[in-house]
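Working notes for the structure below.
For ligands, and for the atoms within them, numbers begin at 1 and follow the listed sequence.
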Amino acid sequence: MTRNGLDLSGRVALVTGAGRTVGLGIAEVLAGLGARVAVNDLDPASAEAAAAGIRGRGGEAVAVPADVTDDAGVRAMVAEVATRLGPVDVLVNAAGIPVGAANGQFVDTDRAEWDAWIDLNLYAPMQAAHAVLPGMRERGWGRVLSISSYASRAASRNGLAVYGAAKAGLESFTRHVGLESAPSGITVNAIALGTMSHLRGEPAPPEHAAAIPVGRFGTPEDVGWTVGFLASDRAAWITGQTIQLNGGAYMT
Ligand SMILES: NC(=O)c1ccc[n+]([C@@H]2O[C@H](COP(=O)([O-])OP(=O)(O)OC[C@H]3O[C@@H](n4cnc5c(N)ncnc54)[C@H](O)[C@@H]3O)[C@@H](O)[C@H]2O)c1
């Protein structure tokens, strides 16, 4: 593969929620660019299958199943990655849709549902960043990337109030930590996705693609290549930003 400066050889990447869909696409592209990849997922079987798939295509990957909403589990996972692959250079927070959680109209939800969405979309990326940032600072290089959503800014009738609030918090966290981390050679960015080809494992209704200016849904590869660029040295001057990746569906 011609890497055009996007060579991630020698870098260790940890991708959460990478057993399927967006996280999997990110893990595959990062491995294709030469990174050693730790594939996290709540579901051990999908994490193992994803890592095996990457290895089968000549990449280097290990599975590190864990629940990223468990603080101790996140710290243990980061330590395990350091032992098996090396310290984390690139953290990608992709897990964001809690398994089994409802997303009804706000008035129909309760505190337990709010906690599920906020734990996964805000506290989990914070905890993971907190675990990897000290080492990145010591080494003078790092990338913290978080997958966000258009729902952080655009209101929706689809029951996304708490999810959108959590993603807005994640984007604000990205700006603050980006500013704190910039002098240490660490960039911190978010990527806000529009409607993807799959939601909760199901294909998006084809007729909805017509509302997207470029005429199609986003794919895991679209996200993977954006993450691959932001993870590279070529993107060293981009930090504290939220990149809108949505086929033109939402422009600001
Ligand atoms: N699919 C979309 O249309 C869409 C749109 C905007 C933003 N996003 C964002 O993209 C990201 C990925 O979404 P997706 O569509 O790939 O979701 P998905 O549900 O297809 O995959 C998410 C993966 O995360 C894992 N996961 C869930 N909870 C976890 C936990 N506690 N610990 C570890 N892993 C966990 C799941 O097992 C699953 O394999 C999320 O942050 C989501 O908010 C998705």
Side-chain angles (χ1 to χ4, degrees), residues 14-29 38-51 53 63-78 81 91-103 115-128 145-154 156 158-160 162-171 173-174 190-205 208-209 211-212 216-224 226-227 242-247 249-250:
L14 167 60
V15 186
T16 73
R20 70 177 190 185
T21 329
V22 169
L24 175 58
I26 294 168
E28 288 176 337
V29 171
V39 177
N40 161 265
D41 204 278
L42 184 62
D43 174 32
S46 64
E48 294 290 352
V64 287
D67 180 350
V68 292
T69 65
D70 174 52
D71 290 352
V74 168
R75 291 193 175 270
M77 172 176 67
V78 167
V81 175
L91 167 67
V92 185
N93 296 302
I97 302 184
V99 174
N103 56 341
D115 284 348
W117 288 100
I118 292 173
D119 275 354
L120 187 55
N121 284 288
L122 187 53
Y123 280 124
M126 286 168 64
Q127 185 61 247
L145 297 161
S146 297
I147 304 304
S148 188
S149 167
Y150 71 96
S152 66
R153 300 190 194 188
S156 154
N158 298 330
L160 301 180
V162 179
Y163 173 71
K167 292 294 198 189
L170 179 60
E171 292 174 13
F173 170 78
T174 294
I191 301 161
L193 307 184
T195 307
M196 303 298 293
S197 55
H198 288 75
L199 183 60
R200 293 174 180 255
E202 299 295 324
H208 291 184
I212 300 171
R216 66 167 176 84
F217 298 118
T219 66
E221 292 72 27
D222 289 322
V223 188
T226 304
V227 169
T242 296
I243 310 297
Q244 304 295 324
L245 189 65
N246 56 27
Y250 179 68

Would you say Arg20 has any N or O atom under 3.5 Å from an N or O of ligand 1, going by distance alone? yes
With heavy-atom distances below 4.5 Å as the criterion, would you say the side chains of Thr69 and Leu42 are in contact? no
Decide whether the shortest distance between a heavy atom of Asp67 and an atom of ligand 1 is less than 4.0 Å. yes
Identify, by atom number and element, the atoms of ligand 1 in contact range of Gly194, meaning under 4.0 Å from any of its heavy atoms. 5 (C), 6 (C)
Heavy atom of the protein closest to atom 24 (O) of ligand 1 (residue, atom name, distance): Gly17 CA, 3.3 Å
Apply side chain to side chain contact (heavy atoms under 4.5 Å, CB included) to Val68 and Leu120, showing your working. CA-CA 7 Å; Val68 292; Leu120 187 55; 3.6 Å; yes
Check this for me - ligand 1, Val68, N or O atoms closer than 3.5 angstrom, yes or no? yes
Residues forming a side-chain hydrogen bond (donor to acceptor under 3.5 Å, both in side chains) with Ser197, sequence neighbours excluded: none
Close side-chain approach of Leu245 and Val223, heavy atoms under 4.5 Å: yes
Could you tell me the separation between the NZ atom of Lys167 and the CD1 atom of Ile118, rounded to the nearest 0.5 Å? 12.0 Å
Check: Thr69 N/O within less than 3.5 Å of ligand 1 N/O: no
Option with minimal heavy-atom separation from atom 6 (C) of ligand 1, where the choices are Asn93, Thr21, Leu193, Ile26: Leu193
Side-chain donor/acceptor of Asp41 to backbone N/O of Asp43, under 3.5 Å: yes
Scanning both residues in full, the closest heavy-atom pair of Phe217 with Pro205 reads CZ-O, 3.1 Å
For Asn40, the atoms of ligand 1 under 4.0 Å from one of its heavy atoms are 33 (C), 34 (N)
Below 3.5 angstrom, do we get any N/O pair linking Gly19 and ligand 1? no
Looking only at distances, can you tell me whether any N or O atom of Pro98, backbone or side chain, sits closer than 3.5 Å to an N or O atom of ligand 1? no
Shortest protein contact, atom 27 (C) of ligand 1 (heavy atom only): Ile97 O, 3.7 Å
Do Asn93 and Ser146 have side-chain N/O donor and acceptor atoms under 3.5 Å apart? yes
Which ligand 1 atoms does Val22 reach within 4.0 Å, using its non-hydrogen atoms? 12 (C), 16 (O)
Heavy atom under 4.0 Å from ligand 1: found in Ala66's side chain, backbone, both, or neither? backbone
If only atom types and distance count, is the side chain of Thr16 paired as donor or acceptor with the main-chain N or O of Ala95 below 3.5 Å? yes
4.5 Å side-chain heavy-atom contact, Leu14 and Met77: yes
Element-labelled atoms of ligand 1 that are located less than 4.0 Å from some non-hydrogen atom of Tyr163: 6 (C), 7 (C), 8 (N), 9 (C), 42 (C), 43 (O)
Shortest non-hydrogen pair, Ala66 vs Asn40, comes out as O-ND2, 3.1 Å
Neighbour count above 12 (heavy atom, 6.0 Å) for Tyr123 OH: no
Pairs of nitrogen or oxygen atoms closer than 3.5 Å, one from Ser149 and one from ligand 1: do any exist? no
Identity and separation of the nearest protein heavy atom to atom 10 (O) of ligand 1: Ile147 CG2, 3.3 Å
Return the residue, atom name and 0.1 Å-rounded distance of the protein heavy atom closest to atom 4 (C) of ligand 1. Met196 CG, 3.7 Å
Which of the numbered atoms in ligand 1 are under 4.0 angstrom from any heavy atom belonging to Ala94? 11 (C), 12 (C), 40 (C), 41 (O)
List the closest protein heavy-atom neighbour of atom 1 (N) of ligand 1: residue, atom name, distance to the nearest 0.1 Å. His198 O, 2.9 Å
Report yes or no: does a heavy atom of Ser148 sit under 4.0 Å from some atom of ligand 1? yes
Donor-acceptor pair, side chain of Thr219 and main chain of Asp222, under 3.5 angstrom: yes
Ignoring angles and geometry beyond distance, decide whether Lys167 reaches within less than 3.5 Å of ligand 1 through its nitrogen or oxygen atoms. yes
Which residue holds the protein heavy atom closest to atom 38 (C) of ligand 1, what is that atom called, and what is the gap in Å? Asp41 OD2, 3.4 Å
Identify the closest protein heavy atom to atom 35 (C) of ligand 1: which residue and atom is it, and at what distance? Leu42 CB, 3.6 Å
Starting from the C-alpha separation in whole Å, work towards a yes-or-no answer on side chain to side chain contact (heavy atoms under 4.5 Å, CB included) for Leu160 and Tyr150. CA-CA 10 Å; Leu160 301 180; Tyr150 71 96; 3.8 Å; yes
Taking 4.0 Å as the limit for heavy-atom contacts, which would you say applies to Leu120 with ligand 1: side chain only, backbone only, both, or neither? side chain
